[in-house]
Undergrad: 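Structure provided below as structure tokens; questions to follow.
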Number of protein chains: 2
Amino acid sequence: MELRQLRYLIAVAEEENFGRAALKLNISQPPVTRQIKKLEEELGVQLFKRTQKGAALTAAGGVFLGDARQIMSLVHRSVERVEAAHRGELGTAEVAYFGSPSLKIVPEILQVFKNDYPDVEINLRRIPKREQIRAIKVGEIHMGFGRYFPHDPDIYTEEILTEGLAVAVPKYLDIDIHASNWKKIFKSASFVLFPAAGRPNFADEVLSILNREGIDPQIGNVTEDIHSALILTAVGEGFTITPSSVADLNWSGVKFFELPEFGMACPLNCIFRKSDTSPILRALRTSIRRHFQKPGEGMK
Amino acid sequence: MELRQLRYLIAVAEEENFGRAALKLNISQPPVTRQIKKLEEELGVQLFKRTQKGAALTAAGGVFLGDARQIMSLVHRSVERVEAAHRGELGTAEVAYFGSPSLKIVPEILQVFKNDYPDVEINLRRIPKREQIRAIKVGEIHMGFGRYFPHDPDIYTEEILTEGLAVAVPKYLDIDIHASNWKKIFKSASFVLFPAAGRPNFADEVLSILNREGIDPQIGNVTEDIHSALILTAVGEGFTITPSSVADLNWSGVKFFELPEFGMACPLNCIFRKSDTSPILRALRTSIRRHFQKPGEGMK
DNA sequence: TCTATATCATACCTGTTGGGTATTCATATG
DNA sequence: CATATGAATACCCAACAGGTATGATATAGA
């Protein structure tokens, strides 16, 4: 059986007439006769009763007509679906993240993406940076989010945005950090750094900035993650320097002060395979570009 | 698009390899390549990523594979359905009845039919005899049940069974009708006849039998239907002679006595169009023959 | 580095088949 | 009985599916 025969069947059933069906199909009448006949022979079932005025479906033909219509509509629907999938509008986006961006920015990005591509499922996993690179290379994930990714020749690293820095201090301390006093305070302060692993990392960046500013920080602790660092800050182990977006969340026991003097020092990157041409990746990049980057900026 | 291409797509997806897919399809490899390529061109979507080891579905290809499987299974299912419809196992049986058979025998027949052909819907209507003949001629119904149908050249009348007769008398009468006294009783009795319309009919048959037995019955009333007749009997308007199957039901106010002396005088017939070759009619007749007729008896 | 191998793609041929035209057959209608 | 309508048939051609042979490419192994 071929779809051609179902098309002809539907046309003849609708027109109740082989000749008019042929006209509608833009072919001549004999091929219609032949294909219907072939279909009937294959099924071993008479589908039409030929009358003087044309052709009338038999009971079995009526059953088959319903199914044929269903099949054709399924065919059309699935063509649309493939095309949607090809445009990146259908499928599953495999996404990974690591570190502090997960707190505020990655949720924002995925919210925007879900809005742009509502039929794409998002499969999100927390994966360390080096592991992300491996997963991207073998095609397990389309895109990873994080900061300070190590370089890899197969991986393209794109900057989504840069943030300033803020400093978290214990809430119970009665201090106010601003342009005219921060340097003095920092020189005698103790700091909690994060993360410990995944060099290069945010801790390296913070240290390098402090050094640049002539501060040789006293290190109270180095934690695995930002949450641990802020807990230690709350109990007085030392100040923590964080990306400023972190300050927008409600942390108990700490308060934040922006550090505009440190500049927009903290990038948020996404990474993906240079050779990945999948529509889902294209969709992800399109969505990110439209919402987080100025036109024409930052693309490969 | 043609089903052939879906078959090849599924084979290649399953084997992840064009050559092995060709083997499975019992054709050579190049046609597979060509059909897949043609499909991809028609959709404007790459379905497979060709690798060194074979072929891997793209994301869009995966979407399409699922749909293709669904389409193929729908195709197979609908072939089965057409064949079932052709065997008369699927569809709607349009059936009509008229008169007393509706009380007991027609329900029995339809019960048996529903049991034999559980997927056939039964559309049952009460239609007068002449109207049944018209409806059968134009194909509105497949089969009609009744007694004493008028002859029609296009209609085949088949006898399903014959019944004896019984007489209904008022419950309050303290009489017992049997072989040795019925004639004497009937000669002085009054009778209620039914039905009034649709000649030839059961009333004609009853009169002819009574006459044959030398009884010139006194007619108390002629009713439209059996139910009215039995109500009149209950109130003493006269005896009613009925097909004996009627006696099996619980009627209030009357009691029945079999009349074996009258013979198996009351046929139940079904009628259908002589030229009707529809599988549903065939199914109906098969069912009836198997359950109500001795092998080889009564068929055209 | 140079095969050997496994894969898909291409070129070309052939036979099948789908579609076209002309005609016939069947049947109803005036 | 002529005519009209519609399906079926006969025959032709062109398109296309499938076959064989070969090419292109990339990987693995010597």
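Chain A is the first sequence line, chain B the second, and so forth, proteins listed ahead of strands; every chain is numbered from 1.
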Undergrad: What is the distance from CG of L3(A) to P of dG18(C), rounded to the nearest Å?
TA: 14 Å
Undergrad: Is a donor from one side chain sitting under 3.5 angstrom from an acceptor on the other, for Q5(B) and Q35(B)?
TA: yes
Undergrad: Using whole Å, report how far CZ of F48(B) lies from P of dC8(C).
TA: 10 Å
Undergrad: What string of B, S and - do you get for nucleotides 21-30 of chain C, 5' to 3', if B is base contact, S is sugar-phosphate-only contact and - is no contact with any protein heavy atom under 4.0 Å?
TA: BB----SSS-
Undergrad: Could you state the CG-P distance from L39(A) to dT17(C), rounded to the nearest angstrom?
TA: 16 Å
Undergrad: dG19(D), dT17(C), dC8(C): which one has an atom nearest the side-chain heavy atoms of K38(A)?
TA: dT17(C)
Undergrad: Tabulate below the donor-acceptor pairs under 3.5 Å that side-chain atoms of residues 24-31 of chain B make, not counting sequence neighbours, or state none.
TA:
from: K24(B); atom 1: NZ; to: E14(B); atom 2: OE1; distance (Å): 2.7
from: K24(B); atom 1: NZ; to: E15(B); atom 2: OE2; distance (Å): 3.2
from: Q29(B); atom 1: NE2; to: T33(B); atom 2: OG1; distance (Å): 2.9

Undergrad: Can you label the angle between the F18(A) ring and the F48(A) ring as parallel, tilted or perpendicular, going by 30° and 60°?
TA: perpendicular
Undergrad: For dC8(C), does OP1 or OP2 lie under 4.0 Å from any side-chain N or O of K37(B)?
TA: no
Undergrad: Output all residues satisfying side chain to side chain donor-acceptor pair (under 3.5 Å) with R130(A), sequence neighbours left out; order by chain, then residue number.
TA: none
Undergrad: Provide, to the nearest angstrom, the distance between the CG atom belonging to L47(A) and the C1' atom belonging to dA7(D).
TA: 16 Å
Undergrad: Could you state the atom-to-atom distance from CD1 of I27(A) to P of dT17(C) in whole Å?
TA: 17 Å
Undergrad: Only counting residues at least two apart or in another chain, list the ones meeting salt bridge (charged side-chain N to carboxylate O under 4.0 Å, His left out) with R125(B).
TA: E94(B)
Undergrad: Listed by chain and number, what are the side-chain contact (heavy atoms from CB on, under 4.5 Å) partners of L23(B), not counting sequence neighbours?
TA: none
Undergrad: side-chain contact (heavy atoms from CB on, under 4.5 Å) with E80(B): which residues, sequence neighbours excluded?
TA: none
Undergrad: What are the residues of residues 4-26 of chain A, sorted by number, that bring a heavy atom to within less than 4.0 Å of DNA chain D?
TA: N17(A), F18(A), G19(A)
Undergrad: Over how many whole Å does the gap from Q35(B) atom CD to dA15(D) atom C1' extend?
TA: 13 Å
Undergrad: Looking only at side-chain N and O atoms, does R50(A) come under 4.0 Å of OP1 or OP2 in dG6(D)?
TA: no
Undergrad: Show every ring-ring contact (aromatic ring centres under 6.0 Å, His included) that has at least one partner inside residues 65-86 of chain A, sequence neighbours left out.
TA: none
Undergrad: Does dC8(C) have OP1 or OP2 sitting under 4.0 Å from an N or O in the side chain of T33(B)?
TA: no
Undergrad: Not counting sequence neighbours, which residues clear side chain to side chain donor-acceptor pair (under 3.5 Å) with D116(A)? List them please.
TA: S287(A), R290(A)
